[in-house]
Peer 1: 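Supplied in structure tokens, the structure appears directly below.
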Amino acid sequence: MKRAIKAILGLAVTTQIVACGSADVKTHDLGITCKNVSESKIDISDSKLSSLSLVGTYVSNSPFDTSAAEIVSYDACSDRIYVVNAHAKQVDLIEFNEKGQPTGAGSLNLSVTEKSAGIEIGAANSVATFDGLLAVAIENKVKQEPGIIALFRTDTLELITTYPTGALPDMVSFSPGGLWIASANEGEPNGEYTVDPEGSVTLVDISQGVSNPTIHQIGFTDFNQGQSRHSELNSNVRVSAHSATVAQDFEPEYLTFDNKGQLFVALQENNAIAVIDVATANIKSVWGLGSKQWDTISLDASNKDGVVGNLKSYQGLESYTCPTLSMYLTRIMSAIS
């Protein structure tokens, strides 16, 4: 299941995000200097705090439905928004004008990563920022081959380094303290299903510096039929009936760190979430999310019947939970716990 593809980024906010750093803040011993944004550009008087209003909209200079503005990340250090543009193999940059409205500020061409990584790149799938660092998940030109996480400075947009990942890194994220970077590697098969790489998670420890990483490639082969952990998968974990192994069928697509040293990974095609212990880089568990019966609950099952709110119950209809939504809820709960 692919995420909805968008080519327009709209901002509805009550206040301009203000960079938390000062002019002499350094990040990861790289000498990255953060901007000092001390004044809000938007009226945040009491009368404005009770509602949201549209400040502005940025439209990507790319055809609609081409993943041109799918994932965004705001970096307080550079006071800039970074938008993954898979259509053009670049990251688009958005800054704020004097009214706090988003305006295009150029783009970051990702072809510079090819020499460092030794591969020919395909689409960029995700971006994440942390205190002046920009991480980009980039797939191989051949999706079934290993991809990369590319790490850039946000002050100069220079490439720092690249880290190898599994096939088709679909999301990248920093841990809350910025000492770990993780990517969910979907391992999507080709159209003919003749090549089906295993899904995996890449966990990069940069606590000793971004140029001295410890990289863990975490796979799911222990959960294959006949292997040591297969019995841990209950009936709520959906595994397809085709000839793929469990590790091939698992397709990590979304992930989030909590503030207790755990990494939660959505196995979206499998109605399940994997829990990884960050310190040991080991999979703690894989748990299924269950299902919902729609014989007594109503839903509007179509967006093509011309009827808004056509709520009905359907005898015998069963649906799986959406792992991606569950991951958002996990992130919210982690933030407030």
Side-chain angles (χ1 to χ4, degrees), residues 1-13 17 57-95 102 104-110 113 121-140 143 147-152 154 157 162-163 165-176 178 180-186 188 201-202 204 251-257 263-266 268 322-332:
M1 182 187 302
K2 289 298 179 185
R3 295 185 293 267
I5 298 173
K6 305 175 183 66
I8 298 176
L9 173 68
L11 300 181
V13 297
I17 303 175
T57 300
Y58 165 81
V59 180
S60 171
N61 186 26
S62 298
F64 183 74
D65 200 25
T66 56
S67 296
E70 187 177 4
I71 305 296
V72 304
S73 184
Y74 172 77
D75 172 50
C77 187
S78 58
D79 192 29
R80 187 186 289 140
I81 292 175
Y82 299 84
V83 186
V84 68
N85 188 330
H87 173 72
K89 296 183 182 179
Q90 65 188 32
V91 174
D92 292 334
L93 314 177
I94 300 176
E95 296 181 345
S107 61
L108 173 59
N109 190 322
L110 298 174
T113 64
I121 65 169
N125 295 315
S126 179
V127 291
T129 58
F130 182 87
D131 276 0
L133 297 177
L134 169 68
V136 188
I138 309 173
E139 67 187 48
N140 197 300
K143 286 186 178 183
I148 59 172
I149 298 170
L151 194 65
F152 295 86
T154 63
L157 299 179
T162 60
Y163 307 121
T165 70
L168 212 168
D170 202 38
M171 181 180 178
V172 65
S173 183
F174 284 93
S175 65
W180 297 83
I181 307 173
S183 68
N185 311 315
E186 191 169 354
E188 188 178 86
V201 175
T202 298
V204 185
E251 296 187 358
E253 190 160 348
Y254 190 94
L255 51 75
T256 186
F257 290 89
L263 179 64
F264 296 87
V265 184
Q268 186 164 299
C322 176
T324 300
L325 176 59
S326 298
M327 298 306 292
Y328 280 112
L329 296 177
T330 300
R331 173 171 287 183
I332 293 170

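The figures here come from the full heavy-atom set of this structure, side chains too, leaving out hydrogens, waters and symmetry mates.
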Peer 1: Grab the two heavy atoms, one from V84 and one from A124, that are nearest each other, plus how far apart they are.
Peer 2: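 Heavy-atom minimum between the residues: CG2-O, 3.2 Å.
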Peer 1: Name all residues meeting the side chain to side chain contact (heavy atoms under 4.5 Å, CB included) criterion together with T129; count only those two or more places apart in sequence or in a different chain, and write none if there are none.
Peer 2: S73, D75, Y82, L134
Peer 1: Return the minimal non-hydrogen interatomic distance between A135 and I149, and the atom names on each side.
Peer 2: CB-CG2, 4.1 Å
Peer 1: Can you find a heavy atom in the side chain of L157 that is under 4.5 Å from one in the side chain of L93?
Peer 2: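 A side-chain contact under 4.5 Å exists here.
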Peer 1: Hey, could you give me the CD/CZ distance between E95 and R80, rounded to the nearest 0.5 Å?
Peer 2: 4.5 Å
Peer 1: Kindly indicate whether the side chain of F152, heavy atoms from C-beta on, has any atom under 4.5 Å from the side chain of V91.
Peer 2: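 Not in contact.
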Peer 1: CG of N125 to CD1 of I71: how many Å apart, nearest 0.5 Å?
Peer 2: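 If we round to the nearest 0.5 Å, N125:CG and I71:CD1 are 8.5 Å apart.
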Peer 1: Provide the closest heavy-atom pair for P169 versus A137 in the form atom of the first, atom of the second, distance.
Peer 2: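 What the structure gives for the nearest pair is O-CB, 3.7 Å.
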Peer 1: Between N109 and Q90, which heavy-atom pair has the shortest distance, and what is it?
Peer 2: CA-CB, 4.4 Å
Peer 1: Are V72 and I94 close enough, and set up right, to give a side chain to side chain contact (heavy atoms under 4.5 Å, CB included), and what steps lead you there?
Peer 2: CA-CA 10 Å; V72 304; I94 300 176; over 6 Å; no
Peer 1: Can you see which heavy atom on E251 is nearest to which on E188, and at what distance?
Peer 2: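 Heavy-atom minimum between the residues: OE2-CA, 4.1 Å.
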Peer 1: Quick one: NZ on K143 to CG on L168, what's the gap to the nearest 0.5 Å?
Peer 2: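 Nearest 0.5 Å value for the NZ-CG distance: 6.0 Å.
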Peer 1: Could you pull out the closest heavy-atom pair between I138 and A150, with the gap in Å?
Peer 2: CD1-CB, 4.0 Å
Peer 1: Once you round to the nearest 0.5 Å, how far does CG of N85 lie from OG of S60?
Peer 2: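 Output value for this atom pair is 4.5 Å.
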Peer 1: Mind checking side chain to side chain contact (heavy atoms under 4.5 Å, CB included) for S175 and listing every partner two or more places apart, or none if nothing turns up?
Peer 2: W180, F257
Peer 1: Can you tell which of I181, V172, T165, I148 makes a side chain to side chain contact (heavy atoms under 4.5 Å, CB included) with T202?
Peer 2: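 The side chain to side chain contact (heavy atoms under 4.5 Å, CB included) with T202 is passed solely by T165 among I181, V172, T165, I148.
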Peer 1: Going through the distances and angles, do T256 and F264 end up as a side chain to side chain contact (heavy atoms under 4.5 Å, CB included)?
Peer 2: CA-CA 5 Å; T256 186; F264 296 87; 4.2 Å; yes
Peer 1: Return the OG1 to CG distance between T154 and L133, rounded to the nearest 0.5 Å.
Peer 2: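 Between T154 OG1 and L133 CG, I get 7.5 Å after rounding to 0.5 Å.
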Peer 1: To the nearest 0.5 Å, tell me how far I121 CD1 sits from L110 CG.
Peer 2: 5.5 Å
